[in-house]
Q: 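Before anything else, here's the structure in question.
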Amino acid sequence: MKFIVSSSYLQKQLQVLGGVINNNNTLPILDNFLFDLKKNQLTVSASDLETTISSVLEVDSTDEGLIALPARLLLDTLKTFPEQPLTFVVEDNNTVEISANNGKYALAYADGQEFPKTVELNDPSSTTLIGDVLATAINKTIFAAGNDDLRPVMSGVFFQFSPENLTFVATDAHKLVKYQRTDIQASEVAEFIMPKKPLNLLKGILLGSESEVKIEYNESNAKFSFDNTELVCRLIDGKYPNYEAVIPKENPNLLNLSRSEFLSSVRRVSIFSNKTTHQIRLKMAGAELNISAEDVDYSNKADERLSCDYQGDDMQIGFNSRFLTEMLGNLSSDDVALAMSLPNRAGILTPVDGLDEGEHITMLVMPVMLNG
């Protein structure tokens, strides 16, 4: 088996696929890339059993073959080459010889048959959307997903497709983000929970991409196909909590202000907050917002005033500053609105501007009890 391929083209593709490989695999074969050669098409795959990603590369060859090559060694080698054609030849002594312009390198390969087979989806439903739209939806929600192993359903992003819209939701019980597109529809109603790892891979590949992504899914797996790449992953099993029930409907107290000013102020004031609770206090009265924090143990305190547009009753509410900074940092609008009802009910943060037609973002942040 022999093929010739451009070094930078191969490195670029393997770099993407390598993101799925774990540092410590239970199965040694998973430390490898699977190379499946069929004439001038080379399909390279990587897997961690839960997620498998593969790309089809154009190479110069008339052979066929299936081998597994050590991922780390191969990537480390490719990174050092300037752009040049590389010739891969499988030798009889269980090694692959790579010939470059000024050297030869031999690495041992494993039997490609040992590599886990990619799951085939039987009778899947499907939806198609633009790569950048999917990447944006992931980007706007994934930071709010939880890390609690005891509640696996909340450690992923909930995809909710319908003939009216596409909705993506993530929550860790302290904060919740709902990202909706009413300009894109699915042919039928479907719901599934995607784990974080494959979503981060997709986000990295698809940000800014105009390619169409076909999403196929059934009860247990989802498959994303675009350009020359396919990603198949196991879905998180379980029922997603009824997130609509926790979003307060009546929020008469409305605060409008500059996102960047609000974010800078929260960041600054939170430096003086208690290191365990990260609690900051928002006090709204008239056209003024007062942001304060105090760490009684160390006699540290901070207090800032911001001018804002506030309609509603005078009120004080406490938030964990880390959640607020994460949410504000994840929005790109100039102005934001914070809608509240009572100091013990969740606040709803939404961007006032900067959204595309048909794009809706709702962020919900739970308050913390103010002492004194």
Q: Return yes if a side-chain donor-acceptor contact under 3.5 Å exists between D303 and N290, otherwise no.
A: yes

Q: Answer yes or no: does atom NZ of K239 have more than 12 heavy-atom neighbours from other residues, nucleotides or ligands under 6.0 Å?
A: no

Q: Please indicate whether E212 has more than 12 foreign heavy atoms, meaning atoms of other residues, nucleotides or ligands, lying under 6.0 Å from its CD.
A: no

Q: Ignoring hydrogens and angles, state whether a donor on the side chain of Q279 or N274 is under 3.5 Å from an acceptor on the partner side chain.
A: no

Q: Under 3.5 Å, is there a donor-acceptor pair between the side chain of S7 and the main chain of Q84?
A: yes

Q: Does E219, at its CD atom, have more than 12 non-hydrogen atoms belonging to other residues, nucleotides or ligands within less than 6.0 Å?
A: no

Q: Could you walk me through whether Y179 and E359 satisfy the side-chain hydrogen bond (donor to acceptor under 3.5 Å, both in side chains) test, starting with their C-alpha distance in whole Å, then the side-chain angles of each, then the deciding distance to 0.1 Å, before giving a yes or no?
A: CA-CA 8 Å; Y179 179 86; E359 189 180 22; 2.5 Å; yes

Q: For residues N40 and S61, is any side-chain donor paired with an opposing acceptor at under 3.5 Å?
A: no

Q: Distance only, no hydrogens: is a donor on one side chain within 3.5 Å (strictly under) of an acceptor on the other, for Y217 and S126?
A: no

Q: Report, as yes or no, whether the 6.0 Å neighbourhood of atom CD on E244 holds more than 12 heavy atoms from other residues, nucleotides or ligands.
A: yes

Q: Hey, are T52 and S47 close enough side-chain-wise for a donor-acceptor pair under 3.5 Å?
A: yes

Q: Does K38 pair with D36 as a salt bridge, N-O distance under 4.0 Å?
A: yes

Q: Does one side chain, of N93 or T95, offer a donor that lies under 3.5 Å from an acceptor on the other?
A: yes

Q: With no hydrogens and no angle check, just 3.5 Å: does a side-chain donor-acceptor pair link N147 and K196?
A: yes

Q: Taking the basic N atoms (NZ, or NE/NH1/NH2) and the acidic carboxylate oxygens, is any pair closer than 4.0 Å for E294 and R281?
A: no

Q: Does CG in D237 sit with more than 12 non-hydrogen atoms of other residues, nucleotides or ligands closer than 6.0 Å?
A: no

Q: Test P195 against every option in I236, T51, N200 by the side chain to side chain contact (heavy atoms under 4.5 Å, CB included) rule and name the one that passes.
A: I236

Q: In terms of hydrophobic clustering (I, L, V, M, F, W, Y; side-chain heavy atoms under 4.5 Å; direct or indirect links), are L73 and V5 co-clustered?
A: yes

Q: Are L282 and M315 joined in one hydrophobic group, where the rule is that I, L, V, M, F, W and Y side chains link up if heavy atoms are under 4.5 Å apart?
A: yes

Q: Just wondering, more than 12 heavy atoms not from D149 lying within 6.0 Å of its CG?
A: no

Q: Do the side-chain N and O atoms of Q160 and Y243 include a donor-acceptor pair separated by under 3.5 angstrom?
A: yes

Q: Could you tell me whether F158 and F192 have their ring centroids closer than 6.0 angstrom?
A: no

Q: Count the heavy atoms belonging to other residues, nucleotides or ligands that lie under 6.0 Å from NZ of K104, then report whether that count exceeds 12.
A: no

Q: Fit a plane to each ring of F159 and F161, take the angle between them on a 0 to 90° scale, and name the class: parallel (under 30°), tilted (30 to 60°) or perpendicular (over 60°).
A: tilted

Q: Other residues, nucleotides and ligands only: do more than 12 of their heavy atoms fall within 6.0 Å of NZ on K197?
A: yes

Q: Would you confirm whether the ring centroid of F81 sits within less than 6.0 angstrom of the ring centroid of Y105?
A: yes

